[in-house]
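Starting from 1, each residue takes its place in the sequence as its number. Just so you know, these numbers use all the heavy atoms, side chains as well, and skip hydrogens, waters and symmetry mates.
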Amino acid sequence: MVVDNEWIRACDRARKAGRLLGDVLQKKVQGDRPVVLIGVSLGALALFEALTTIAEHSPSEASPLVDTAIFVSLPVAPGDDEWRQARSAVSRRLVNAYCTTDLVLAGVGRLHEVLGGGGWSEMAGLRPLEREGVEDVDLSDVIDGHFELNPKIKEILEAIGVND
C-alpha cells in the first residue's frame with residue numbers, strides 16, 4: 001500500500017518537470033552548445049530525470065547535450081542502469097554532492113520507505129556512490145544539513161569545483 005503525501009507528490013512533479021526539460025534540451029531550444037545543469041534536492045531529481053529522458057530518446061547521439069550535471073542532495077536511490085543512462089547523456093562531469101549529516105533528507109527518505117518502499121539508506125544525497133563515471137563530493141564539512149543548501153550555495157559550488 002502506498003500512501004500519498006506531499007513528498008511523493010513533490011517527487012512526482014520533479015520527475016515530470018525533468019522529462020519536460022529533457023524534451024526541451026533535445027529540441028535544442030538553447031542552441032547547439034552543451035549546457036551545464038546544477039540541481040539541488042528536488043531540482044536534482046528533475047535533472048536526473050532529464051538526463052535519463054535524453055538518454056532514452058537519443059542513445060546514439062555522438063555529442064551529448066549536457067557538458068556537466070551536478071546533483072546536490074539528490075533525494076533518490078537510482079540503480080546501476082539508471083546511473084549508466086544518466087552518465088551517457090553527459091560529456092564531461094557527472095557529480096553527486098552529498099551530505100552524510102542531512103537529517104531532513106534522511107528523515108524524508110525514511111518516511112517514504114516506511115510508507116511506500118524504497119531504500120532511503122541508498123539515497124544518493126546521503127552517501128558516496130562509488131560508481132564509475134560519477135564524481136562523489138562530500139559536503140559534510142561545508143553544510144550541516146538540508147536547511148543550509150540555499151544559504152551556502154556559493155560554498156557548495158566552490159567545494160564541487162564548478163569553476164575549475
Side-chain angles (χ1 to χ4, degrees), residues 2-22 25 34-53 66-87 89-164:
V2 176
V3 177
D4 196 19
N5 63 38
E6 289 300 318
W7 175 250
I8 292 171
R9 286 193 295 275
C11 288
D12 185 50
R13 289 182 189 122
R15 286 185 176 96
K16 288 176 183 175
R19 286 190 291 276
L20 290 171
L21 176 60
L25 289 172
V35 296
V36 174
L37 302 174
I38 302 171
V40 178
S41 190
L42 289 171
L45 176 56
L47 296 186
F48 192 87
E49 190 71 28
L51 293 181
T52 57
T53 297
V66 179
D67 174 75
T68 298
I70 298 171
F71 306 122
V72 179
S73 201
L74 180 62
V76 291
D80 290 337
D81 289 340
E82 292 169 297
W83 278 109
R84 275 192 288 280
Q85 267 190 315
R87 175 69 245 178
V90 178
S91 63
R92 208 167 59 90
R93 294 181 73 195
L94 182 62
V95 179
N96 173 49
Y98 65 94
C99 177
T100 59
T101 58
D102 189 340
L103 298 180
V104 171
L105 187 61
V108 167
R110 179 69 175 136
L111 178 65
H112 176 62
E113 181 180 49
V114 169
L115 295 177
W120 72 274
S121 63
E122 300 295 315
M123 199 174 285
L126 296 173
R127 66 182 192 82
L129 298 172
E130 300 173 351
R131 283 189 166 81
E132 186 177 339
V134 180
E135 297 176 43
D136 289 311
V137 177
D138 187 355
L139 300 175
S140 300
D141 292 335
V142 179
I143 60 172
D144 291 324
H146 217 74
F147 293 120
E148 291 187 339
L149 289 171
N150 288 335
K152 291 192 173 182
I153 194 68
K154 181 179 178 185
E155 294 90 342
I156 290 169
L157 295 177
E158 287 172 356
I160 294 168
V162 169
N163 292 323
D164 294 348

### Task
Name all residues meeting the side-chain hydrogen bond (donor to acceptor under 3.5 Å, both in side chains) criterion together with D144; count only those two or more places apart in sequence or in a different chain, and write none if there are none.
none
### Query
Would you say the side chain of L42 lies within less than 4.5 Å of the side chain of P75, judging by non-hydrogen atoms?
yes
### salt bridge (charged side-chain N to carboxylate O under 4.0 Å, His left out) against R93, all qualifying residues, sequence neighbours excluded
E135
### Task
With the side chain counted from C-beta on, respond yes when C11 and L45 share a heavy-atom pair under 4.5 Å apart, and no when they do not.
yes
### Query
Is it true that R84 and D81 make a salt bridge, defined as a side-chain N closer than 4.0 Å to a carboxylate O?
yes
### Query
Should R9 and E6 count as an ion pair when the cut-off is N to O under 4.0 Å?
yes
### Task
To the nearest 0.5 angstrom, please state how far the CG atom of L47 sits from the CG atom of L51.
7.0 Å
### Message
I'd like to know whether V35 forms a side-chain contact (heavy atoms from CB on, under 4.5 Å) with L25, so could you lay out the CA-CA distance, the side-chain angles of the two residues, the decisive distance to 0.1 Å, and finally the verdict.
### Response
CA-CA 9 Å; V35 296; L25 289 172; 4.0 Å; yes
### Task
Please identify each residue that fulfils salt bridge (charged side-chain N to carboxylate O under 4.0 Å, His left out) with R87, with sequence neighbours left out.
none
### Atom pair CG/CZ of L103 and F147 - distance to nearest 0.5 Å
10.0 Å
### Task
Output all residues satisfying side-chain hydrogen bond (donor to acceptor under 3.5 Å, both in side chains) with T100, sequence neighbours left out; order by chain, then residue number.
S140
#### Entry: Working for side-chain contact (heavy atoms from CB on, under 4.5 Å), residues D138 and Y98
CA-CA 5 Å; D138 187 355; Y98 65 94; 3.3 Å; yes
### Query
Going through the checks in order, is the side-chain contact (heavy atoms from CB on, under 4.5 Å) test met by V66 and S91?
CA-CA 6 Å; V66 179; S91 63; over 6 Å; no
### Task
Quick one: pull up CD1 in I160 and CG in L139 and give me the separation to the nearest 0.5 Å.
5.5 Å
### Task
Compare all side-chain heavy atoms of I156 with those of V72 and state whether any distance is below 4.5 angstrom.
yes
#### Entry: Residues which pass salt bridge (charged side-chain N to carboxylate O under 4.0 Å, His left out) with R13, listed by chain and number, not counting sequence neighbours
none
### Task
Quick one: list whatever passes salt bridge (charged side-chain N to carboxylate O under 4.0 Å, His left out) with D136, sequence neighbours left out.
none
### Query
Between the side chain of N96 and the main-chain N/O of R127, is any donor-acceptor distance below 3.5 Å?
yes
### Atom pair CD1/OG1 of I143 and T101 - distance to nearest 0.5 Å
6.5 Å
### Task
Drop me the distance from S73's OG to D102's CG, to the nearest 0.5 angstrom.
4.5 Å
### Query
Under the 3.5 angstrom rule, does the side chain of E49 hit a backbone N or O of A46 as a donor-acceptor pair?
no
### Task
Could you please spell out the steps behind the side-chain contact (heavy atoms from CB on, under 4.5 Å) verdict for L105 and M123?
CA-CA 9 Å; L105 187 61; M123 199 174 285; 3.4 Å; yes
### Query
What distance do F71 atom CZ and L37 atom CG have between them, rounded to the nearest 0.5 Å?
8.0 Å
### Query
Is the shortest heavy-atom distance from the side chain of R15 to the side chain of V76 under 4.5 Å?
yes
